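To start, the structure under review is shown below, and the notes come after it.
Just so we're clear, the structure is a prediction, and the values are computed from it rather than from any experiment.
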Amino acid sequence: MRLVLVPTPIGNLEDITLRALRVLKEAEVVACEDTRRTGLLLRHFGIPTPTLRLDQHTLDRAQELLAPYTYVAYATDAGTPGISDPGAELVRLALEWGWRVEALPGPTALIPALVASGLPTHRFTFEGFLPKAGKARKERLLALAREGRTAVLYESPHRLAKTLRDLVEVYGPEHPVAVARELSKVHEEIFRGTLVEALERFQEPKGEFVLVLGPKTPSSPSGEAWAGVLRAEGLRGRELFRALLERGVPRNEAYRLSMEEAEEDA
Ligand code: SAM
């Protein structure tokens with residue numbers, strides 16, 4: 001039993017690899033998120049292999065659906081299966097069933113965005129999509145800033161402005177960012193600047209986006225930004241002081257910020 005993860009182009013059909021084409025031809029079936037989309041790709045390359053829908057809604061029946069096959073190729077809508085898509089869960093299941101799992105190298109949105117960003121690449125963290133709202137989102141943003149490494153995020157066009165605004169709060173307005181839009185497509189654009197400039201530039205964004213944030217160095221902690229976020233969470237006085245220290249804000253600044261709040265409240 002063999003499952004091969006096949007990366008597919010994120011915008012330019014020339015990015016399919018020769019090996020990917022061979023595997024798509026040889027496999028008994030191409031399981032995929034969207035049979036229409038993957039069907040178009042297969043037709044374009046003259047590959048007659050049948051397709052089978054396997055997305056987040058059908059994964060719970062994956063074992064039954066794949067039972068008739070011994071050699072399955074898996075493709076998601078675009079890019080490398082397993083990166084912010086149902087591929088990761090399928091791999092987990094296939095390993096549980098004792099299948100041999102292979103992954104082909106190939107297109108993905110995160111690497112071109114990272115390497116073209118001009119930001120440090122020797123240490124980076126991939127965040128994918130942030131939680132949509134609430135405490136989980138805030139905590140993740142704060143943790144990300146604490147990492148001290150370049151961070152790569154995926155975002156949908158209708159949430160991009162909100163995410164940039166939230167990032168301004170945590171990283172500060174002048175923090176360096178690259179916004180990669182429509183990578184490998186006709187309208188590819190890589191914006192490099194500060195968070196507040198990105199916010200101005202992408203008021204009504206269209207297309208697909210990857211955000212790359214420069215590392216937040218411990219020597220430049222934005223105490224004000226942290227205090228704003230923590231106050232919004234309801235922290236005051238000693239609690240605020242302690243939370244600021246935990247986030248790397250220098251002791252004297254943390255003290256000043258927690259006292260400011262106390263004076264305002266008085
Ligand atoms: N598995 C894919 C990969 O390897 O990159 C990612 C799948 S995830 C569901 C889709 C997200 O990837 C989009 O919302 C966007 O953030 C990013 N993305 C995919 N294609 C892109 C492109 N051509 N340009 C910019 N971002 C892209």
Would you check if the side chain of [X] reaches a backbone N or O of [Y] as a donor-acceptor pair within less than 3.5 Å?
X      : Y      : value
Arg181 : Gly207 : no
Glu182 : Glu208 : yes
Arg137 : Leu130 : no
Glu28  : Thr70  : yes
Thr150 : Pro120 : yes
Glu197 : Thr194 : yes
Tyr74  : Leu54  : yes
Asp55  : Thr58  : yes

- request: Hey, can you tell me if Trp97 and Trp99 have their rings parallel, tilted or perpendicular (30° and 60° cut-offs)?
  value: perpendicular
- request: Using the side-chain contact (heavy atoms from CB on, under 4.5 Å) rule, take Arg22 and Leu18 through it: C-alpha gap first, then chi angles, then the decisive distance, then the call.
  value: CA-CA 6 Å; Arg22 179 173 57 74; Leu18 296 174; over 6 Å; no
Establish whether [X] and [Y] are linked, either directly or via other cluster members, by ILVMFWY side-chain heavy-atom contacts under 4.5 Å.
X      : Y      : result
Ile83  : Leu114 : yes
Val179 : Leu119 : no
Leu95  : Val6   : no
Leu104 : Val30  : yes
Val196 : Leu167 : no

Arg165 and Glu169 ion-paired at < 4.0 Å: no
task: State whether Arg2 and Glu26 are salt-bridged, where the test is any N-O pair (Lys NZ or Arg NE/NH1/NH2 against Asp/Glu carboxylate O) under 4.0 Å.
output: no
Rounded to the nearest 0.5 Å, what separation is found between the [atom1] atom of [X] and the [atom2] atom of [Y]?
X      : Y      : atom1 : atom2 : result
Lys138 : Glu233 : NZ    : CD    : 5.0 Å
Arg149 : Leu144 : CZ    : CG    : 9.5 Å
Leu164 : Arg201 : CG    : CZ    : 11.5 Å

- line: Across all chains, not counting sequence neighbours, the side-chain hydrogen bond (donor to acceptor under 3.5 Å, both in side chains) partners of Arg242 are none
message: Tell me if the NZ atom of Lys185 is crowded by more than 12 foreign heavy atoms within 6.0 Å.
response: yes
task: Please say whether more than 12 non-hydrogen atoms of neighbouring residues, nucleotides or ligands are located less than 6.0 Å from CZ in Phe129.
output: yes
task: Classify the side-chain pair Asp166/Thr163 by whether it contains a donor and acceptor separated by less than 3.5 Å.
output: no
- prompt: Are side-chain heavy atoms of Arg231 and Arg236 found at a separation under 4.5 Å?
  reply: yes
Let me have the donor-acceptor pairs involving side chains of residues 35-44, under 3.5 Å, with sequence neighbours excluded, atom names and distances please.
from	atom 1	to	atom 2	distance (Å)
Arg37	NE	Asp77	O	3.1
Thr38	OG1	Asp34	O	3.4

task: Apply side-chain contact (heavy atoms from CB on, under 4.5 Å) to the pair Tyr69 and Met1, showing each step before the final yes or no.
output: CA-CA 8 Å; Tyr69 307 103; Met1 305 296 180; over 6 Å; no
